[in-house]
Amino acid sequence: MGGEVIPVDPIHPDPAVIERAAAIIRRGGLVAFPTETVYGLGANALDEDAVRSIYEAKRRALDDPLIVHVATMAELGGIVAELPNTARVLADRFWPGPLTLVLPKVPVIPDIATANLPTVAVRIPSHPVAQALIRAAGLPIAAPSANLFTRTSATTAEHVVQDLGDRVNLVLDGGPASHGIESTVVAAQRNEARLLRPGATTPEAIADALSALDPTVPLLLGAVGRTASPGLMAKHYSPRASLFLLTGEPSETRPALRRAVERALEAGRQVGVLLVDEDAPLLEDLGDRISVEPLGSEADLGQVASRLFAAMRSLDAAGCDAIYVRALDTSGLGLAILDRLTRAAHADEFTA
Ligand code: TXA
Ligand code: MG
């Protein structure tokens, strides 16, 4: 199919390259492109066959709907039937950026893009390459994360090629995605908003924006079923190695991490660890008996989030068969980090 990778400047992409990519989108092909969250696998959202080819390339289950990306608020009218006040307030505050809003759809959006739901997920990305591509194509672009279904999301063009190879016509390589974790998905209704997937926009920031609209409009957190949020499969974001997540108080999980790593080494496993800087002394003496991927300081969850998926892929590439990680604080971006780790740690195969 091609699978060509073209480097683009992430701030000032070459219009000729963008036009080539846009032409592929217009004729129903697949283009992987950088966004500020993760790489997306894009196709014309209005073309049923093109959208189907996204699912095929990712081997994605057809009951997991896609996000439709537009460049400006002016294009929303062609996608959503209604924009409640809650949605308008969140759009004003966070777009362009890492927020996805689930809203009633218009009929022109093919059912396959929304897995037959009456709603559509929509986002205005801020990345200049994503913006330029959508504008040049002149179409809304449906794009899930550009990884194989249930696997670790792609935060670089190299990850896209590892997973999708020549099943995509063109990969625009704009360097590493800056947030490194997906957008926050929110279902915005008239009198409430519900967090469907934690992500790069924090729940605290969303609640703050809502309370500026009306202090009685809540952001509902907590358990969301697969009916409301089909992407919430138990197994998701997983590296090939088994990932073990140690949850609890740091005073317990720090020594538990050390013990778990020792036991795995005794059992002859190839051990990898996703490690915050503060925990480095815990495992220092093990030297090169283990592979360590530094996540940065636990005080900088933005950095932890941006390194997380790439770090899992590095440990896979290093041949690890068991990856250990300690759960961190869940405030701010911590909720999204814990969500990804929890799903990545799920050992069973996904059954839809
Ligand atoms: O940051 C992102 O959101 C990236 C970039 C490429 O924009 N995209 C992304 O797409 O993460 P994907 O397909 O990996 O995740 C889409 C999420 C899934 O959890 C899906 O279930 C949810 O959005 N979703 C899509 N349409 C929905 C709908 N109509 N109702 C509820 N959830 C929906
Ligand atoms: Mg995904």
Side-chain angles (χ1 to χ4, degrees), residues 31-43 45 51 54-55 57-70 79-81 94-106 109-127 129-131 133-134 140-155 159-160 163-164 172 174 177-189 193-201 224-238 305-306 309 336 339-340 343-344 350 352:
V31 174
F33 61 97
T35 82
E36 68 279 20
T37 57
V38 298
Y39 272 69
L41 176 63
V51 173
I54 293 179
Y55 286 89
K58 280 196 64 152
R59 313 215 166 104
R60 178 173 174 126
L62 283 165
D63 66 356
D64 188 8
L66 306 179
I67 297 173
V68 174
H69 299 72
V70 294
I79 314 286
V80 307
F94 298 108
W95 280 349
L99 177 74
T100 294
L101 293 173
V102 171
L103 295 163
K105 80 173 190 111
V106 296
I109 304 292
D111 287 335
I112 187 168
T114 63
N116 293 311
L117 292 172
T119 53
V120 59
V122 57
R123 170 162 116 79
I124 300 183
S126 62
H127 197 293
V129 174
Q131 277 279 335
L133 180 63
I134 300 164
I141 296 184
S145 50
N147 51 279
L148 283 176
F149 189 51
T150 78
R151 294 289 177 193
T152 311
S153 305
T155 57
H159 298 159
V160 178
D163 272 25
L164 301 172
L172 294 175
S178 53
H179 291 290
I181 203 160
E182 296 86 346
S183 65
T184 303
V185 181
V186 171
Q189 276 144 22
R194 181 176 290 276
L195 183 73
L196 299 182
R197 176 180 73 178
T201 299
V224 181
R226 273 208 74 202
T227 327
S229 187
L232 294 183
M233 293 83 65
K235 179 185 162 76
H236 205 157
Y237 311 111
S238 303
S306 72
F309 289 133
D339 170 78
R340 304 306 187 270
R343 293 176 208 288
F350 166 64

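Note that ligands are numbered from 1 as they come in the structure, with each ligand's atoms numbered from 1 the same way. Keep in mind that the numbers below use all heavy atoms, side chains included, and drop hydrogens, waters and symmetry copies.
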> For Arg123, which residues count as a side-chain hydrogen bond (donor to acceptor under 3.5 Å, both in side chains) partner, sequence neighbours excluded?
Replying inline: Thr35, Glu36, Thr37
>> Counting only nitrogen or oxygen atoms and a 3.5 angstrom limit, does Arg123 reach ligand 1?
In response: yes
> Just by distance, with hydrogens left out, do Ser183 and Arg197 show a side-chain donor and acceptor under 3.5 Å apart?
Replying inline: yes
>> Measuring from atom 12 (P) of ligand 1, which candidate in Pro98, Ala130, Ser145 has the nearest non-hydrogen atom?
In response: Ser145
>> Taking side-chain contact (heavy atoms from CB on, under 4.5 Å) as the definition, give me every residue that meets it alongside Gln131, ordered by chain and number, with sequence neighbours left out.
In response: Ala71, Pro96, Ile124, Arg135
>> Which residues pass the side-chain contact (heavy atoms from CB on, under 4.5 Å) test with Ala193, not counting sequence neighbours?
In response: Val186, Leu210, Leu219
> Of the choices Arg197, His236, His179, which has the non-hydrogen atom that lies closest to atom 11 (O) of ligand 1?
Replying inline: Arg197
>> Quick check on contacts: which atoms of ligand 1 are under 4.0 angstrom from a heavy atom of Thr37?
In response: 1 (O), 2 (C), 4 (C), 5 (C)
> ligand 1 versus Leu66, non-hydrogen atoms closer than 4.0 Å: side chain, backbone, both, neither?
Replying inline: backbone
>> Determine whether a donor-acceptor pair (N or O, by modelled atom type, separation under 3.5 Å) exists between the side chain of Thr184 and the backbone of Pro198.
In response: no
> Are Val185 and Val102 close enough that some pair of their side-chain heavy atoms sits under 4.5 Å apart?
Replying inline: yes
> Relative to atom 24 (N) of ligand 1, which among Pro125, Ala113, Pro65 owns the nearest non-hydrogen atom?
Replying inline: Pro65
> Which atoms of ligand 1 are found less than 4.0 Å from any heavy atom of Leu117?
Replying inline: 28 (C), 29 (N), 30 (N)
> Considering Val185, Thr119, Val186, Thr35, which one's heavy-atom position lies nearest to atom 29 (N) of ligand 1?
Replying inline: Thr119
> Is there side-chain contact between Pro125 and Ile134, with at least one heavy-atom pair below 4.5 Å?
Replying inline: yes
> Counting N and O atoms only, with roles assigned by atom type, does the side chain of Ser306 sit under 3.5 Å from a partner on the main chain of Gly180, one being a donor and the other an acceptor?
Replying inline: no
> Which atoms from ligand 1 have a heavy atom of Glu182 less than 4.0 Å away?
Replying inline: 1 (O), 2 (C), 11 (O)
>> Against ligand 1, does Thr114 come closer than 4.0 Å with any heavy atom?
In response: no
> Taking the six-membered ring of Tyr237 as reference, does the NZ or CZ atom of Arg340 fall below 6.0 Å from its centre and within a 45° cone about the axis?
Replying inline: yes
> Which is it for Glu36 and ligand 1 at heavy atoms under 4.0 Å: side chain, backbone, both or neither?
Replying inline: neither
> Going by the order shown, which atoms of ligand 1 are within less than 4.0 Å of some heavy atom of Asp64?
Replying inline: 18 (C), 20 (C), 21 (O)
> With a 4.0 Å cut-off on heavy atoms, is Lys105 touching ligand 1?
Replying inline: no
> Under 3.5 Å, is there a donor-acceptor pair between the side chain of Lys58 and the main chain of Asp163?
Replying inline: no
> Short N/O distance, under 3.5 Å, between His69 and ligand 1?
Replying inline: yes
> Under 2.8 Å from the Mg ion (ligand 2), which protein atoms of type N, O or S occur, listed by chain and number?
Replying inline: Ser145 OG
>> As an exercise, state the distance from CG of Leu41 to CD1 of Ile141, rounded to the nearest 0.5 Å.
In response: 11.0 Å
>> Angle between ring planes, His69 versus Phe33, binned at 30° and 60°: parallel, tilted or perpendicular?
In response: perpendicular
> Is the backbone of Ile112 close enough, under 3.5 Å, to the side chain of Tyr55 for a donor and an acceptor to pair up by distance?
Replying inline: yes
